[in-house]
Chemist: 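Take a look at the following structure, please.
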Amino acid sequence: MIARKSLSIGLALALVVCVSTAATPGSDSPTPWFLTSSAQFSLGEIELVQLAIERAQDSAVRDFAKRMVADFGQKNAELQQLAQTKGWRLPLNAGDWIRVDQILAHTPAAKFDRVYMHEVYVDHRNAQATMRNYVQTGPDPDLKQWATQTIPMFREHLQ
């Protein structure tokens, strides 16, 4: 439990640095919804990953969760850089954390792997669809590029 808390706190702090980037002085451009949504999704995924590393029965599920730590760490760093470049500030949202706690923290061990993988599947399908939509209709070319480069990660995770 202590290891989970330490890893969870470390990842959460890294993401807080990512999403708490203050706007550039004099910049009045609003944070795009897509960027905020992507950061909030990552918060929920990090909590899901922590639960999976701690509770998964199948080593393949634990290995998948560990891979997601690396993949989302890279994408969060890219998102942080983009937010800093644009002078955008991303608000935090605990909604996904509450959902994770309610659904997975109390799931019996025998069902955890199946429920976790279902949650990841649903979340990744939704995130991938949101990114595809942004690539087609979004106004910011840098965010479109980031989404285009991130979609393959979701595709790999879904496989």
Side-chain angles (χ1 to χ4, degrees), residues 4 6-53 56 61-105 115-159:
R4 176 183 172 239
S6 298
L7 185 56
S8 186
I9 290 168
L11 288 170
L13 287 175
L15 191 59
V16 167
V17 170
C18 168
V19 299
S20 297
T21 305
T24 306
S27 171
D28 58 358
S29 78
T31 303
W33 171 87
F34 175 76
L35 191 63
T36 301
S37 177
S38 296
Q40 290 172 352
F41 171 81
S42 291
L43 286 172
E45 281 306 304
I46 287 171
E47 191 65 16
L48 277 172
V49 165
Q50 296 313 308
L51 282 170
I53 290 171
V61 173
R62 279 191 307 277
D63 291 345
F64 175 74
K66 290 175 184 176
R67 177 179 173 205
M68 287 187 30
V69 169
D71 290 350
F72 277 101
Q74 177 185 347
K75 289 301 170 185
N76 287 340
E78 293 169 6
L79 200 59
Q80 173 187 7
Q81 182 60 42
L82 184 57
Q84 287 175 338
T85 301
K86 300 281 188 171
W88 291 327
R89 180 181 172 91
L90 303 177
L92 297 175
N93 179 351
D96 283 333
W97 294 35
I98 292 166
R99 178 184 58 82
V100 167
D101 183 55
Q102 291 173 346
I103 294 173
L104 288 173
V115 174
Y116 168 73
M117 293 305 288
H118 174 75
E119 285 297 310
V120 168
Y121 176 80
V122 170
D123 286 349
H124 277 58
R125 292 281 304 217
N126 291 338
Q128 187 178 30
T130 300
M131 289 192 182
R132 280 191 200 138
N133 183 52
Y134 193 86
V135 167
Q136 294 173 354
T137 63
D140 188 273
D142 295 326
L143 279 178
K144 282 183 174 187
Q145 180 181 3
W146 180 82
T148 299
Q149 294 170 348
T150 301
I151 289 170
M153 178 190 77
F154 286 103
R155 192 173 346 184
E156 288 176 33
H157 289 179
L158 287 167
Q159 291 175 353

Chemist: Drop me the distance from His157's NE2 to Asp71's CG, to the nearest 0.5 angstrom.
Modeler: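 If I round to the nearest 0.5 Å, the distance is 3.5 Å.
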Chemist: So do Asn126 and Tyr121 actually touch side chain to side chain, heavy atoms under 4.5 Å?
Modeler: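 No, their side chains stay 4.5 Å or more apart.
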Chemist: NE2 of His124 to CD1 of Ile151: how many Å apart, nearest 0.5 Å?
Modeler: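 Answer for the NE2-CD1 pair, His124 versus Ile151, is 13.0 Å.
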Chemist: Could you grab the distance from atom CG of Asp142 to atom NZ of Lys86, nearest 0.5 Å is fine?
Modeler: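 It comes to 3.5 Å.
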Chemist: Which pair of non-hydrogen atoms, one from Lys144 and one from Gln136, has the smallest distance, and what is that distance?
Modeler: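 Taking Lys144 first and Gln136 second, the nearest heavy atoms are NZ-O, 4.5 Å.
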Chemist: Output all residues satisfying salt bridge (charged side-chain N to carboxylate O under 4.0 Å, His left out) with Asp63, sequence neighbours left out; order by chain, then residue number.
Modeler: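 Expected list: none.
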Chemist: Heavy atoms, side chains only, cut-off 4.5 Å: are Asp140 and Tyr134 in contact?
Modeler: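 Answer yes - side chains close enough.
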Chemist: For Thr150, what residues pass the side chain to side chain contact (heavy atoms under 4.5 Å, CB included) criterion, not counting sequence neighbours?
Modeler: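 Partners of Thr150 by the side chain to side chain contact (heavy atoms under 4.5 Å, CB included) criterion, ordered by chain and then number, come out as Lys75, Met131, Trp146, Met153, Phe154.
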Chemist: Within the 4.5 Å heavy-atom criterion, are Phe72 and Arg67 side-chain neighbours or not?
Modeler: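 Phe72 vs Arg67: side chains apart.
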Chemist: Hey, what do you get for CD (Gln81) to CD (Glu78), rounding to the nearest 0.5 Å?
Modeler: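 The distance works out to 10.0 Å.
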Chemist: What's the separation between atom CD in Gln80 and atom OG1 in Thr85, rounded to the nearest 0.5 Å?
Modeler: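 With rounding to 0.5 Å, CD (Gln80) is 10.0 Å from OG1 (Thr85).
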Chemist: Please round to the nearest 0.5 Å and tell me the distance separating atom CZ of Arg155 and atom CZ of Arg125.
Modeler: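 Interatomic distance, Arg155 CZ to Arg125 CZ, rounded to 0.5 Å: 12.0 Å.
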Chemist: Run Leu51 and Tyr116 through side chain to side chain contact (heavy atoms under 4.5 Å, CB included) and show every step you take.
Modeler: CA-CA 9 Å; Leu51 282 170; Tyr116 168 73; 5.9 Å; no
Chemist: Determine whether a donor-acceptor pair (N or O, by modelled atom type, separation under 3.5 Å) exists between the side chain of Arg62 and the backbone of Ala56.
Modeler: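 Side chain of Arg62 to backbone of Ala56, a donor-acceptor pair under 3.5 Å: yes, one is there.
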Chemist: Provide the closest heavy-atom pair for Ile53 versus Ala65 in the form atom of the first, atom of the second, distance.
Modeler: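 That closest heavy-atom pairing would be CG1-CB, 3.8 Å.
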Chemist: Assess whether side chain to side chain contact (heavy atoms under 4.5 Å, CB included) is satisfied between Val120 and Phe64, documenting all intermediate values.
Modeler: CA-CA 11 Å; Val120 168; Phe64 175 74; 3.8 Å; yes
